[in-house]
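Right, one structure below, let's go through it.
Everything quoted here is computed from the prediction, not taken from an experiment. Throughout, a chain's letter reflects where its sequence line sits, starting with A, and its residues are numbered from 1.
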Amino acid sequence: MDRKKSRWIQAPFGNRSGKYLGKRVFNPLTVACVLCLTFSLPAFAAGLFGPPQTPSKTTGGLNTAVAYSYAEDVFKTTSDFVLKRHHIYSQAAYGKNGLWEVYGRLGVSDLKIADAFRSMNALTTTSRTDFEENWKFFGTLGAKAFYPATRFVGVGAFIQGTYHFSNYTDSVPGAYLGAPFEADLKIKNLWDIQGGLNLQVTLPYDIKIYTGPFAYYSDADAVLSVDRPGLSFTPQKTALQNKSKTGAFGGVDIPLAKGFRLTLEGQVSERLSIGAAVTYIY
Amino acid sequence: MRIFFAWLTILFLLMGALPAFSAQDAPGAQNEKSLSQDALETPAQSAADGEPKSLKGAQEKTANFEEEYVEEGDADEKTQGERVAIADPLEPFNRAMYLFNDRLYFWLLKPAAQGYNVVVPEPARISIKNFFTHLAYPSRLLSLLLQADFAGAAEETGRFVINTLWGIGGLLDPAAGGELKLQRQEADLGQTLGVYGVGHGFYIVWPIWGPSSPRDTLTIVGDTFLYPPSYISPWYVNRGVWAFEKINSASLRIGDYESLISAAIDPYLAIRDAYAQYRAKDINARKTRSLLFKDHEDPTPKPGDGQKDDFLRH
């Protein structure tokens with residue numbers, strides 16, 4: 001019996017109302033550390049994952065957030081392309097008991113693809129090489145669950161999916177054998193799905209730090225209006241997919257005044273993606 | 001003058017698609033808390049505003065009116081026991097318009113609102129109402145600035161920012177609850193004129209808009225220009241949005257108007273008097289917040305004033 005107790009932790013976990021949940025769980029630190037090390041870098045994701053424990057009232061309640069994130073990723077087709085995006089979004093979430101939360105996001109995102117119009121053939125020239133498109137709407141749905149291990153430590157899991165409602169379009173003038181043309185590139189049906197594990201440690205003053213591994217898949221179709229030698233895209237649909245499928249992230253969640261909280265998060269990739277959110281708890 | 005009113009009436013009829021009993025329902029005039037708005041406020045709205053619920057009869061409503069006025073402090077004391085009258089030279093016309101609005105309510109708006117009520121759950125309807133109220137921010141801000149109520153303007157702006165960012169574009173009202181407690185400022189352009197001493201003029205019942213006066217008609221006209229949905233094009237989408245707003249608003253206070261008129265011997269007179277008194281109280285309440293008027297607008301001594309003076313003398 002004593003041996004069994006030593007393998008399991010009996011500890012209360014303080015939630016927002018100060019009520020102890022009193023859970024017996026396997027030490028999640030070991031699990032999270034192993035998973036963090038197992039997943040390899042680089043990786044990328046759009047939007048913040050946030051701490052695994054919902055900030056909503058334990059009796060159940062809403063919380064809303066506004067957030068900004070800047071993210072980069074490498075997508076692959078016949079060659080690799082670096083995608084850069086700024087996201088600004090509003091999030092509404094409902095959580096209960098400090099254990100679970102569902103959320104939806106609506107926001108706008110721009111898109112820049114480096115060297116999308118670069119020609120590999122000397123006979124084809126374009127006036128510029130990068131694809132750029134301004135703000136388009138996207139929506140995200142997600143859910144997260146939290147399992148408190150001790151009063152200060154807990155582990156959670158999340159899953160979220162994002163879909164960009166509009167096509168991203170850019171056109172560039174060019175010439176092939178001296179004959180001018182207009183190349184119109186459309187990025188259609190951009191979507192992604194992300195899931196991961198999340199270890200949370202609660203510090204004094206209700207500051208929470210969290211970290212974990214995640215996996216994701218992202219996909220889009222690229223269609224160019226013209227077919228010219230040397231250009232990476234053609235009038236046939238070309239599938240763009242993320243090159244890396246895993247990554248890691250970490251952040252801090254700080255209480256502010258009057259029911260607001262600030263979340264700062266970084267997601268490790270070939271480049272660092274960063275984001276911040278301010279959450280209001282109803 | 002007659003031509004002017006005839007022209008205005010035709011204009012409003014052309015603008016309107018569906019009836020709304022009270023002046024509160026005019027586009028962008030949500031803040032004009034006329035009699036009908038206050039008297040017809042539903043338990044749902046009360047819940048949204050964090051106020052008491054369940055108003056069953058007109059007497060209860062009157063009591064609630066009085067309670068509300070007492071809560072307003074200084075402004076209430078000024079008008080307490082004071083009967084505010086309003087001239088009614090157009091009574092035959094007004095009674096006809098009252099009847100017209102009454103029929104529109106019972107024959108068109110109420111059935112539509114009842115059907116809508118069945119389909120759309122109350123939290124969604126409250127959120128929609130919050131959203132349209134949120135959109136009327138420019139009108140409230142301008143009125144507050146013109147009234148020299150800069151603290152109110154700052155509060156209203158804070159509400160607008162918080163509700164836009166954390167209230168999902170105004171669908172929710174986090175600014176009013178929790179630790180923030182930023183209440184909506186009930187300010188409109190007609191009220192602003194009242195703060196500067198412009199009188200009602202006379203009582204007039206507009207078709208669709210309900211009880212008003214030449215002064216408060218400015219609220220209807222001005223707020224329309226300051227209400228973003230007014231600029232939606234094409235015009236039929238604009239009118240559709242307007243009608244939707246009215247039905248949504250009416251769905252949250254079905255039954256209140258019925259309670260009010262069932263308790264009155266002459267509903268027309270009851271509404272007219274209450275309208276005049278409510279606006280007078282409203283304007284006095286705004287004066288107490290105005291930097292220009294709050295120090296010298298009330299010559300009558302208030303209870304406790306003498307004691308304060310005595311205290312200062314000693």
Check the orientation of A:H86 and A:Y70. Use parallel for under 30°, tilted for 30 to 60°, and perpendicular for over 60°.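 Because their plane-to-plane angle lies in the 30° to 60° range, the rings of A:H86 and A:Y70 count as tilted.
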
Determine the interplanar angle of the A:F214 and A:Y216 rings, folded into 0 to 90°, and report it as parallel if under 30°, tilted if 30 to 60°, perpendicular if over 60°.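 Rings of A:F214 and A:Y216: tilted, 30 to 60°.
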
From CA spacing to verdict: side chain to side chain contact (heavy atoms under 4.5 Å, CB included), A:F131, A:K112: CA-CA 5 Å; A:F131 173 98; A:K112 185 173 180 179; over 6 Å; no

Check chain A against chain B and list any donor-acceptor pairs under 3.5 Å.
unit_1: A:T64; atom_1: OG1; unit_2: B:W166; atom_2: O; d: 2.4
unit_1: A:V278; atom_1: O; unit_2: B:W166; atom_2: NE1; d: 2.6
unit_1: A:Y280; atom_1: OH; unit_2: B:P174; atom_2: O; d: 3.4
unit_1: A:Y282; atom_1: OH; unit_2: B:W166; atom_2: O; d: 2.8

Yes or no on side chain to side chain contact (heavy atoms under 4.5 Å, CB included) for B:I128 and B:F244, after CA distance, side-chain angles and deciding distance? CA-CA 10 Å; B:I128 290 165; B:F244 172 65; 3.7 Å; yes

Would you check if A:I274 and A:L272 make a side-chain contact, meaning some heavy-atom pair closer than 4.5 Å?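 Counting from C-beta outward, A:I274 and A:L272 do come under 4.5 Å.
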
For A:L106, is it the side chain, the backbone, both or neither that has a heavy atom under 4.5 Å from a heavy atom of chain B?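 Neither the backbone nor the side chain of A:L106 comes within 4.5 Å of chain B.
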
Quiz question: by atom type and distance under 3.5 Å, do the side chains of A:N198 and A:Q200 form a donor-acceptor pair?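 There is no such pair between these side chains.
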
